[in-house]
Amino acid sequence: MSANQLASEQSSNNDSDLELEADVLVIGGGPAGAWAAYNAAADGVRVVLVDKGYCGSSGATASGGTSVWYVANPEQRETAMASREALGGFLAERSWMERVLDRTHANLYELGNWGYPFPSDQQGQPYYRSLQQGAEYMRLMRKQVKKAGVHILDHSPALELLVDKEGAVAGAKGIRRQAGGRWTVRAKAVVIATGGCAFLSKALGCNVLTGDGYLMAAEAGAQMSGMEFSNAYALTPAFASVTKGAFYRWATFTYEDGTVIEGAGSQRGRSVIAKTLLTQPVYCSLHNTPEEVRVWMRTIQHNFFLPFDRRGIDPFTQRFPVTLRLEGTVRGTGGIRIVDNSCATSVPGLYAAGDAATRELICGGFTGGGSYNAAWAMSSGYWSGQAAAEYARQLGAKANQRQVYSIGQAAVTSESSYTFNAQEVIRAVQAEVLPYDACGGLRQRNLFRTERGLSDSLERLHGLWREIRHSAAPTDSQALPAREAAAMIATARWMYTSAQARKETRGMHKHQDYPQQNPNQQYRLISGGLDTVWAKPDQEVVNRELVTR
């Protein structure tokens, strides 16, 4: 068996349980996880990839496709990098932007060589800025990952990390949702690529993205960064989960009586729509869309039209109600803090990639769907897989013989008799972060933030955490929702604690009590903690700014 072949399997007391060994364990099977697993295996080490869903079809990219931040002409890169710096609050770093543009360029060419069907531009050349066939992209990635020798465990969510006596990450444990039983993977390095957190908002492809990787990383001692930039809401038909926003450039937004909402179609129209939704419904029509665009739209975005077709609505001639659906850190930029170019965290043996990692390095405090996110996923995945493989080699052949310990702290312990209703807890968390419609909008405190609203929510969220903190490990059927509930509580607490600490408006963080951007707060905020949550300026960035000034 070659180094890239199946990780060694061992018997366990339960026939349905798995105990595996690998050099690198990748948690998450979206684009970042797939690139990490592929690159680690291509580097000659044994790799296991575990996915909450089915690697190749679950997650936001497979469900909807994406554009990509791709700039081939070096002379145009300066403009490309500068174009979004102000929007992101001047928190991005040019050196990271340049690295991502270079890596994305190479990875997209690799995809083309593997057979991805890029559309052609007007000159008949591959149009590398489009990965709109998300399902095809992820099917191809799964094929390449398997070809590289990665052992994939589908429908096998991770619940907690393993560490050695020095605190270095040494694998993970989880459950097998379809096969039954549990799995344990001992590994010399772990890449967390579990995506962001959309709080089960039903945004397309996002219901597997519940912040699980954040919680596991924090339990190991990692920090978060940019969690205040976590209030991304996507425009969507009120009766659908599709959050594709490109088509709304031709939209007309109206009140219920048909009167046009002034400013709703402008560059800042999303805020106008958001404020209107606080008190009344908003309707949309796409009747201004050019005829040739209508045909083009249907050929590349079938899933955008499915909800309309099912209801017998023609969005080009009829009005339809819209709402805003939370995508949290999926379209936000906050995530696990990485400390160097390899995408390593502050915890030895632990790496982060894709939406699970902070994207402030290239986006600052603002991003949208696709583009930067897609480029970051394939780049950070590539780097983290490569670095994890090198770290594993340095540990040596006997590293998996280390004594290891489980470190899960909420909803996984066996030292308590207390259990909780996961669905009730999830609904309680959602009540603090999700509401956005004419009925629930008056309770909205995530997009338009205030000191009072943040404090009130944090008081309730801290209470929820205390309630579930020392709860018992549930049965296998409830293990996942219980852990998701814990992850969502933790994520919301980091979000709102960071939002309280940033007493200004910057990027997507809109603070009603501090509506202006404060030049003295041009730094990133790191956060962390479980029982006691904290947030503080990233001193490295603060020092750099002082030197620059």
(request) Specify whether Y70 and Y128 have parallel, tilted or perpendicular ring planes, treating 30° as the upper limit for parallel and 60° as the lower limit for perpendicular. (result) tilted
(message) If you define the side chain from C-beta out and look only at heavy atoms, does anything of R84 sit under 4.5 Å from F366?
(response) yes
(request) Answer whether the closest heavy-atom distance between the side chains of I273 and L277 falls below 4.5 Å. (result) yes
(message) Walk me through whether L278 and F448 qualify under side-chain contact (heavy atoms from CB on, under 4.5 Å).
(response) CA-CA 10 Å; L278 290 173; F448 299 117; 4.3 Å; yes
(request) Evaluate the criterion side-chain contact (heavy atoms from CB on, under 4.5 Å) for residue pair R319 and H287; output intermediate values, then yes/no. (result) CA-CA 9 Å; R319 291 197 310 159; H287 66 272; over 6 Å; no
(request) Assess whether salt bridge (charged side-chain N to carboxylate O under 4.0 Å, His left out) is satisfied between R94 and E78, documenting all intermediate values. (result) CA-CA 9 Å; R94 288 290 181 97; E78 177 67 24; 2.9 Å; yes
(message) Before we go on, tell me: are the rings of W96 and W376 under 6.0 Å apart, centre to centre?
(response) yes
Below 3.5 Å, can you tabulate the donor-acceptor pairs from side chains in residues 420-428 to any protein atom, sequence neighbours excluded?
unit_1 : atom_1 : unit_2 : atom_2 : d
N421   : OD1    : Q423   : N      : 3.1
N421   : OD1    : E424   : N      : 3.0

(message) Under the side-chain contact (heavy atoms from CB on, under 4.5 Å) test against R337, which residue among R524, E360, Q223 passes?
(response) Q223
(message) For W383, does the six-membered ring have the charged nitrogen or CZ of R99 within the cation-pi criterion, i.e. under 6.0 angstrom from the centroid and within 45° of the normal?
(response) yes
(request) Please name all residues satisfying side chain to side chain contact (heavy atoms under 4.5 Å, CB included) with P237, sequence neighbours left out, ordered by chain then number. (result) F239, A240, Y248, F308, F320
(request) Return the set of residues passing side chain to side chain contact (heavy atoms under 4.5 Å, CB included) with A535 (not counting sequence neighbours), or none when no residue passes. (result) T497, S498, A501, S527
